[in-house]
Peer 1: 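Attaching a single structure in structure tokens format; questions to follow.
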Amino acid sequence: MESQAPAGGFDSNADVYERLESIRQSIDNIDAAVIHMLAERFKFTQTVGRLKAEYGLPPADLDREARQIKRLRGLAEESHLDPAFAEKFLNFIIAEVIHHHERLAADAE
Ligand SMILES: C=C(O[C@@H]1C=C(C(=O)O)C=C[C@H]1O)C(=O)O
């Protein structure tokens, strides 16, 4: 790939790699936060799943999901994140949560 000098002047390869490394450290911190947040979310959804299993409630709540999707799409728009991506991401997580809830319900039978 051809290298290009930035508008502000010439950066050596070492400078570029230093900047890249610094930005990647921030990406790593964000990825760690995402994993920690997801782990906390799954702890709470497991608690919901155990409650549902105990009282015979269905694993999925489509009204709640629809409200969550609407809310997250709004937050994504405000944050200049693609709302379609936010919806896909939430649906991916919810599918896993429901899978856990179905397992908890089966174990409670
Ligand atoms: C966690 C719940 O169970 C399911 C999972 C949801 C989620 O992960 O946000 C939302 C609704 C339910 O389909 C719940 O009912 O609150």
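The figures here come from the full heavy-atom set of this structure, side chains too, leaving out hydrogens, waters and symmetry mates. Read the numbers this way: they start at 1 and go in the same order the structure lists the ligands and their atoms. None of the values given here were measured: they were computed from a predicted structure.
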Peer 1: Only heavy atoms count here, so choose which of Gln46, His101, Arg64 is nearest to atom 10 (C) of ligand 1.
Peer 2: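 Going through Gln46, His101, Arg64 one by one, Arg64 has the nearest heavy atom to atom 10 (C) of ligand 1.
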Peer 1: Below 4.0 Å from any atom of ligand 1, is there a heavy atom belonging to Ile93?
Peer 2: no
Peer 1: Which heavy atom of Leu104 sits nearest a heavy atom of Arg50, and at what distance?
Peer 2: CD1-N, 3.7 Å
Peer 1: Can you pull out the closest protein heavy atom to atom 12 (C) of ligand 1? Residue, atom name and distance to 0.1 Å, please.
Peer 2: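 Minimum-distance protein heavy atom for atom 12 (C) of ligand 1 reads Asp61 N, 3.4 Å.
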Peer 1: If the cut-off is 4.0 Å to any non-hydrogen atom of Glu65, which atoms of ligand 1 fall inside it?
Peer 2: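 Heavy-atom distances to Glu65 below 4.0 Å select 10 (C), 11 (C), 12 (C), 13 (O).
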Peer 1: Does anything in residues 62-87 pair up under side chain to side chain donor-acceptor pair (under 3.5 Å), and if so which pairs, sequence neighbours excluded?
Peer 2: Arg73-Glu87
Peer 1: Starting from atom 15 (O) of ligand 1, which protein heavy atom do you reach first, and at what distance in Å?
Peer 2: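 For atom 15 (O) of ligand 1, the nearest protein heavy atom comes out as Lys52 NZ, 2.7 Å.
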Peer 1: Between Arg24 and Glu21, does any NZ, NE, NH1 or NH2 come within less than 4.0 Å of an OD or OE carboxylate oxygen?
Peer 2: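 Not counted as a salt bridge, because no side-chain N and carboxylate O are separated by less than 4.0 Å.
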Peer 1: Where do Pro83 and Ala76 come nearest, in terms of heavy atoms and distance?
Peer 2: CA-CB, 3.9 Å
Peer 1: Does the side chain of His100 pick up a donor-acceptor pair with the side chain of Glu96 at under 3.5 Å?
Peer 2: yes
Peer 1: Please write down residue, atom name and distance for the protein heavy atom closest to atom 6 (C) of ligand 1.
Peer 2: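 Ranking protein heavy atoms by distance from atom 6 (C) of ligand 1, first comes Ile94 CG1, 4.1 Å.
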Peer 1: Find all atoms of ligand 1 within a distance of less than 4.0 Å from any non-hydrogen atom belonging to Arg41, and give their numbers and elements.
Peer 2: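 Result: 7 (C), 8 (O), 9 (O).
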Peer 1: Which heavy atom in Pro59 sits nearest to a heavy atom in Lys52, and how many Å separate them?
Peer 2: O-NZ, 2.8 Å
Peer 1: Of all the atoms in ligand 1, which lie at a distance below 4.0 Å from a heavy atom belonging to Val97?
Peer 2: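 Contacts of ligand 1 toward Val97, numbered from 1: 5 (C), 8 (O).
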